[in-house]
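Worksheet: the structure to be examined is printed underneath.
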Amino acid sequence: MGVEKKGTMMSELDYTKAQLAFFYIVVLLSLDVLNPVKILMHVFPAIAPWHVASLAIGCMAYIFIVNMRPLLYYAAKVFFHSILSIFFNDVQVVGRENIPKYGPVIFTSNHANQFMDGLMIMCTCERTISYLVAEKSWLRPIIGHLAWCMGGVPVKRAQDSAGRGSGSVTIDMKEVPLEKEGASSSTVKVIGKGTKFTAEIKVGDKIRFPKTAQGIKVVSIDGDECMSLKVEDGVLDIISSQPWGYVAFDILPHIDQKDVYQNVLEKLASGGTIGIFPEGGSHDRTDLLPLKVGVALIAYSGLEKDGINIPIVPVGLNYFRAHRFRGKATVEFGSPTYIDPSTLADFKQEGADKRRVCNELLGRIEDGMKSVIVSVPDYEKMQMIHAARRLYRPDAATQTAEERQDMGRRFAEGYKRLLLQVKGDPPKEWLSLQSRILAYQKELNQLGIRDYQVVGLDHEEVEIGSETQGHSKGEIVLHRMNALGHIIHLLFIFVLAALPSVLLNLPVGLASRIYSNRRRKVALAASKVKVKGFDVMLSERVLCCIVLVPSLWMVYGLALHFCTPLDGPSLAVCFTCFPLFSYWSIMATESGMVDVKDLRPYVMRMIPSARKRLAALPETRKALRSDLRAMIRHFGPSLGDIYYEKDLNWQKITTETKRLTLTLESLEEVCADAKKDD
């Protein structure tokens, strides 16, 4: 698979043509003798300038109205390209060749960065994508207008209309099926206390218990304090995880999405593309949430009604410092997933057969999505895997985005496979190495340096400054003066780089940080799946900046008008230059920040205790790298293709990992039942 930089808006040839056309027009406007409008009015004196201008404006208005949606989409894409170039330091694309050039496509992606996810895919994909947008977001100012420009389709979600039910409920544990096999046709009884089931709930609605995201469908209501729930996939796990007594519950009303599905199917039938986040909402977890069945229903409905086997292309959005300004991102397009046409008859049967084939397709879609992200159980494991990847790679090697993704997935999937092999009970040396890697990463964070900087420490006299090392007082003083000189130099560069940004960007930056953190707290309080709510922060910062940056320019423009003798054209030039000045100041500040990243190690060297910690890092790193590679050589062969093969089918690998996990869980259940029988 090839790696490309940020998605281009047009081909190189089209860009060249646009440049030539622009300068050709400049030449015509500059010389009256070549200006076709001036020539026309000279030949026909009856034609006034406003005649030509009125005709041109009318033609422009007609063209705009006829092609309004494509033009708005293109304009939005240009605007969001500029947004991404400002808020992200680097965006790389992997696997663009997996996108079908023509015909309908369904894009399915993980949802790790709220509104930015759709923009990221839109700007890196050459196809025109219409996203399914939550009605809650569709109704928000700015977000809803931009979604309309992009051809979005509003979708009403049950969780957005959820409300707290009266009273409290508990489960009648006597009726809970003990085995998962065949449980999908069972029901469980809910007993209420102070509840109003008949008034507040209808058959088909769902209820949700505390600290869970999944709703459970109501199949019958037998009174104000008794009803039955359907046992579907994951329901028994929810029931077993609850400390049952009487608990509060939420009511999720049933939403009829027939009109939405019809609009989506019409767009697909005409060769359009649809973007879906099957997890149902954004989150900041390190693995996928359970997927909603809607994407499978859309794909099967397209095959049933229009005879189109729609390719389902997984998109992996892999962010680094996703909630921070000038982060990095890798967008990976995976191999398409297709429906097995032989299962269409089962889909038409309704009932259990329809649920089975939809769940099977959903499972393959999930495997495809996991094949384009680095999926791990929790944040600590994510930190450990990233640190291990950096330690394992050669120091002088520069990895491409594709190679980083591949190595990260090898570590993640290898870690899962090894846990399965040892049945979740790793040997002591494994746990010890894992703890040492995390401790090393923690030490780097505390000292404020990166792993690549540790290599340089090995070649520097970081221990100068102590007479016990055999250095004279003169050498000690000279070394400290040299370190102090580095600090002053880096501070000077940073101040110079930051000066333009203080006036143009700092007020907005501070305001957006405060606003986004408040929105994060609100989103976290309202969510059942977010960990810290970091997934909403960058989106909220962007929205805040879209409003505040032009407002700040207006304030400066008014200040220039009332406080300076500048005339109208000069003010217009100044106001037009504000966007360029803001962008250049961001770039200059970032250049200064690159140098400031090297500032803290120099400052830490002035502190005796920190100097000793810095001196110990190279040896710690060498020992960790040696032990890590030794462990990989020991366990690696048992991983098969993950260890030996250069090119891997990651969809096949993730499917096999899931199969092994389910097999192990089944064996554990059999062993547990056998122990009960004994």
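All residue numbers refer to positions in the sequence shown, counting from 1.
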Checklist outcome for this item: Checking Thr654, Asp287, Thr286, Thr657 against Ser375 for side-chain hydrogen bond (donor to acceptor under 3.5 Å, both in side chains), the one that qualifies is Asp287

Checklist entry - What salt bridge (charged side-chain N to carboxylate O under 4.0 Å, His left out) pairs are there with at least one residue in residues 537-547, not counting sequence neighbours? => result Arg140-Glu540, Arg519-Glu540

Checklist entry - Is Arg404 reaching over with its side chain to a backbone N or O of Gln399, donor-acceptor style, under 3.5 angstrom? => result yes

Checklist entry - When the aromatic ring centroids of Phe107 and Tyr131 are compared, is their separation below 6.0 Å? => result no

Item to check | Side-chain ion pair, Arg285 and Glu279, N-O less than 4.0 Å | outcome: no

Checklist entry - Do Thr330 and Val94 have side chains that get closer than 4.5 Å, going by heavy atoms? => result yes

Checklist entry - Got a salt bridge between Glu366 and Lys658, using NZ or NE/NH1/NH2 to carboxylate O under 4.0 Å? => result yes

Item to check | Candidate list Val313, Ile274, Ile310, test side-chain contact (heavy atoms from CB on, under 4.5 Å), partner Val105, passing option | outcome: Val313

Item to check | Heavy-atom side-chain proximity of Ile308 to Leu268 below 4.5 angstrom | outcome: no

Checklist entry - Leu361 versus Arg364: any side-chain heavy-atom pair under 4.5 Å? => result yes

Checklist entry - Closest heavy-atom contact between Ile106 and Ile276? => result CG2-CD1, 4.0 Å

Next on the checklist: Within the 4.5 Å heavy-atom criterion, are Thr337 and Met369 side-chain neighbours or not?
Outcome noted: no

Checklist entry - Does a side-chain heavy-atom distance below 4.5 Å link Leu538 with Tyr319? => result no

Next on the checklist: Minimum heavy-atom separation for Gly316 and Asn318, please, with both atom names.
Outcome noted: O-ND2, 3.4 Å

Checklist entry - Using 30° and 60° as the class limits, which term best fits the ring planes of Phe277 and His111: parallel, tilted or perpendicular? => result parallel

Item to check | Carboxylate-amine/guanidinium contact Glu360 Arg356, below 4.0 Å | outcome: yes

